[in-house]
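Data first, discussion second: the structure below is written as structure tokens.
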Amino acid sequence: MGKRDDLIAKYADDLKNKCGMTPDMDLLTKVTIGCGPSIYDADACTVAGSQESELETVKKNFLIKKLGLADGPQLMEAINSVLETYGRSERNKYRAVVYYMLTKHFGKEAVFSK
């Protein structure tokens, strides 16, 4: 298994054990690939849930640009909801896991089926 496969397995484990959901492995793989090289960077691979600027980046670059959602308070509410599910106290909130849960939250799986 390659490094990416190892990371996907780790993300799936987080979804199961920390978030209480059974991951759709096909979607998780596509979301992970969509994150690009950031998954290999120690800083970029996680989402700093307490940094407002980081949450704005998730909103702008992922929810608006990638998923094509309209800006509005519901976007930040969804981000906060996902971070609550992941666990605010959880130190490593992996970007791919957060993006996966946001994709599911908004029912935007089709974005990754292209």
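Everything numeric in this text was worked out from a predicted model, so none of it was measured.
Hydrophobic cluster membership differs between I33 and L15, with clusters built from Ile, Leu, Val, Met, Phe, Trp and Tyr side chains linked at under 4.5 angstrom.
In this structure, CG on L67 lies 5.0 Å from OG1 on T103, to the nearest 0.5 angstrom. Taking CG of D41 as the start and SG of C35 as the end, the distance is 12.0 Å to the nearest 0.5 Å. To the nearest 0.5 Å, atom CG of residue L55 and atom CG of residue N80 are 6.5 Å apart. Note: F112 CZ to D26 CG = 11.5 Å, rounded to the nearest 0.5 Å. Rounded to the nearest 0.5 angstrom, Y11 OH and R4 CZ are separated by 11.0 Å. The OG1 atom of T32 lies 4.0 Å from the CG atom of L28; values are rounded to the nearest 0.5 Å.
The minimum heavy-atom distance between P23 and K16, with the atom names listed, is CD-CG, 3.7 Å. A pairwise comparison of heavy atoms in K93 and G87 identifies NZ-O, 3.9 Å as the closest pair. Nearest heavy atom pair, residue V97 against residue C19, reads CG1-SG, 4.4 Å. A pairwise comparison of heavy atoms in L27 and Y100 identifies CD2-CE1, 3.7 Å as the closest pair. Closest heavy-atom contact between A42 and C45: O-SG, 3.7 Å.
Under a 4.0 Å N-O distance rule, the pair K10/D6 does not qualify as a salt bridge. A salt bridge links K59 to D71: at least one charged side-chain nitrogen sits closer than 4.0 Å to a carboxylate oxygen.
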Full working for side chain to side chain contact (heavy atoms under 4.5 Å, CB included) between Y94 and L7: CA-CA 10 Å; Y94 292 107; L7 289 170; 5.9 Å; no

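Contact annotation: the side chain of L63 never approaches that of M76 to less than 4.5 Å [non-hydrogen atoms, C-beta and beyond]. At least one side-chain heavy atom of L102 sits under 4.5 Å from a side-chain heavy atom of V58. Using a 4.5 Å heavy-atom cutoff, the side chains of N61 and K66 are not in contact.
Listed by first and then second residue, the salt bridge (Lys or Arg N to Asp or Glu O under 4.0 Å) pairs that reach into residues 95-104 are E54-R95, K104-E109, sequence neighbours excluded.
Remark: of the listed residues D13, V31, T29, T29 is the sole one forming a side chain to side chain contact (heavy atoms under 4.5 Å, CB included) with I8.
With sequence neighbours excluded, the residues satisfying ring-ring contact (aromatic ring centres under 6.0 Å, His included) with F62 are Y99.
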